[in-house]
Amino acid sequence: MCGIVGIVGRAPVAPLIVDALKRLEYRGYDSAGVATIDHGRLGRRRAEGKLVNLEKRLGEEPLDGTIGIGHTRWATHGVPNETNAHPHFSNDVAIVHNGIIENFAELRSSLIADGYEFASQTDTEVVAHLVSRELAKGLGPVEAAHNALKQLEGAFALAIMFRGDEDMIIGARNGPPLAVGHGEGEMYLGSDAIALAPFTNAITYLEDGDWAVVRRGGMEIFDIEGKPVDRKRQQSIGSSYLVDKGNYRHFMEKEIYEQPEVVSHTLAHYLDFANGVAKDFETPFDFGKIDRLAISACGTAYLAGLVGKYWFERHARLPVDIDIASEFRYREMPLSKQSGALFISQSGETADTLASLRYCRQEGLPIGAIVNVRESTIARESDGIFPTLAGPEIGVASTKAFTCQLSVLASLAVKAAAARGEVDAEGEKLLVRQLSEAPKLANQTLKLAGQIEKLARDLSHYKHVLYLGRDTNYPLAMEGALKLKEISYIHAEGYAAGELKHGPIALIDEQMPVIVIAPHDRIFEKTVSNMQEVAARGGKIILITDAKGAKHSTIDTLDTIIVPDVPEIISPIVYSLPIQMLAYYTAVFMGTDVDQPRNLAKSVTVE
Ligand code: F6R
């Protein structure tokens with residue numbers, strides 16, 4: 001994670017770097033820093049915590065200089081304080097880094113043995129000293145950086161600047177993304193194109209192993225052997241506008257409320273509502289010909305994939321293997337050559353998901369990706385992408401990206417069902433019509449906000465919460481628990497309702513509210529039995545259901561949230577909203593930092 005920026009410009013760069021860092025704050029907000037060189041002086045300002053602290057610092061003590069680098073941090077090595085904040089210096093070298101240097105311990109020992117003193121606990125400082133040691137051997141900056149890069153193991157994106165050369169930043173990529181931006185007499189480096197969007201939309205993406213020498217007049221890219229390589233320049237579509245919250249208190253609230261609209265856009269991208277068919281869009285594999293689908297993703301995106309498994313298997317009779325990407329990549333799963341591989345990622349940069357993709361690439365599988373950021377590494381390395389049309393998601397806890405991922409998966413399941421002859425024209429039409437109702441029903445569900453807000457006040461007094469669901473509501477139970485714990489810091493777990501009696505029931509008492517997600521479907525009665533088991537042990541139930549479910553549950557609940565009646569296929573999309581709202585309002589009552597919860601980051605580019 002972490003976001004990095006570098007500018008070789010014509011005017012003072014510190015304010016521009018801060019502007020770019022604002023667009024990268026989603027990558028981490030433990031600390032931030034800027035360094036510039038001004039007439040031979042290397043200066044830096046750093047601050048613990050969010051970027052506003054750095055801005056304040058720069059307001060008090062501005063930095064001049066037309067060349068500079070900047071960083072927003074998600075801590076890996078060393079606590080998030082000012083000393084560990086980037087940029088890190090070693091003599092004439094200044095450096096910012098995103099990623100992890102895996103061999104940092106041995107490099108650090110060898111540098112200490114050579115007399116280098118470490119000011120921080122970070123792995124990054126090793127790289128600064130390493131370049132410095134190469135300079136001390138008499139090499140020029142470019143050769144010194146290249147020699148240092150050859151000694152690094154791990155995943156990194158770096159920007160390196162040298163006092164003594166005010167016209168050069170060296171960028172390097174091995175894993176996390178790095179883009180070079182081309183301006184008029186100025187050049188830029190950034191973790192993504194959006195960071196650079198106010199300055200330029202002419203972008204060159206570095207590939208793994210690339211390093212670039214960036215000067216005002218242009219740039220050259222080399223591979224790790226030092227041979228020049230050609231990387232094409234592209235027009236980025238990144239928006240230069242910082243998305244704002246409008247009248248909402250938090251981005252998360254705004255993003256929850258945007259869902260009817262973005263779900264509608266996403267569904268309309270894949271489905272022809274007028275003719276009741278899945279559109280004829282390009283796919284990286286033929287759903288009619290593959291015999292299995294391997295899905296992998298992380299966190300919320302993984303839970304979307306889990307819902308997708310139910311849909312693909314039920315509607316298209318297509319077997320799905322679904323894995324958490326950090327497990328998939330190491331478990332050496334045998335993959336049939338007739339399989340398709342599908343990766344789901346909002347950011348398109350998640351390191352474990354990317355590594356799983358590369359594993360499947362090596363195995364020769366055709367690769368598709370459901371991504372929100374179309375210029376991301378995962379998007380670029382896939383054979384075909386299925387975009388979610390959620391727009392930028394700023395809140396760290398995923399909401400609209402999740403329901404848009406569900407919308408894509410449901411649409412793909414319909415397409416697969418048709419391609420495999422598992423639905424006839426009438427069946428396809430019915431599914432498409434049902435999906436077309438999702439935005440309207442999601443909108444009606446948002447009207448439950450008042451009731452959910454009241455309930456959240458009660459929930460905020462508990463320390464533990466259990467979520468239960470069956471079928472597609474099982475992944476939703478896990479998603480509800482994930483949302484609650486990540487933004488309110490209340491411990492929560494999601495279980496398959498049928499698993500309750502195999503262990504978690506031991507936890508049930510009056511201090512453990514149990515949130516049951518159970519529309520009145522064909523297995524509703526089974527879930528009612530599980531609720532009886534909870535009630536018999538003094539557990540407090542919060543039931544999320546529809547009118548029929550409320551009528552038939554016959555169990556005392558702490559509260560019952562009645563969602564509009566929905567067709568089964570869109571139930572996960574619509575039922576996502578009350579669980580998101582419950583987590584959101586609970587966090588608001590707890591007074592946590594909803595959009596930027598502690599310890600998290602929006603784009604997880606470390607393994
Ligand atoms: C939770 C959340 C995370 C992400 C996960 C994967 O609210 O947002 O669990 O879903 O880090 O991120 P992407 O989708 O960017 O690969």
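Just so you know, these numbers use all the heavy atoms, side chains as well, and skip hydrogens, waters and symmetry mates. Only a predicted model underlies this, so the values are computations on that prediction, with no experimental measurement involved. Counting convention: from 1, in listed order, for ligands and their atoms alike.
Each of Cys298, Gly299, Thr300, Ala301, Ser345, Gln346, Ser347, Thr350, Val396, Ala397, Ser398, Lys483, Glu486, Val604 has a non-hydrogen atom positioned under 4.0 Å from some atom of ligand 1.
A ring-centre distance under 6.0 Å is found for Tyr248 and Tyr257. For Phe386 and His269, the gap between ring centers reaches or exceeds 6.0 Å.
Scored by the side-chain hydrogen bond (donor to acceptor under 3.5 Å, both in side chains) test, Thr300 finds Glu479, Lys483 as partners (sequence neighbours excluded). With sequence neighbours left out, the side-chain contact (heavy atoms from CB on, under 4.5 Å) criterion links Pro597 to Tyr29, Val396, Ile487, Tyr489, Leu600. Scanning for side-chain contact (heavy atoms from CB on, under 4.5 Å) contacts around Pro80 gives Asp30, Arg73, Ala75, with sequence neighbours left out.
Looking at Asn201 and Gln235, their side chains do bring a donor and an acceptor atom within 3.5 Å of each other.
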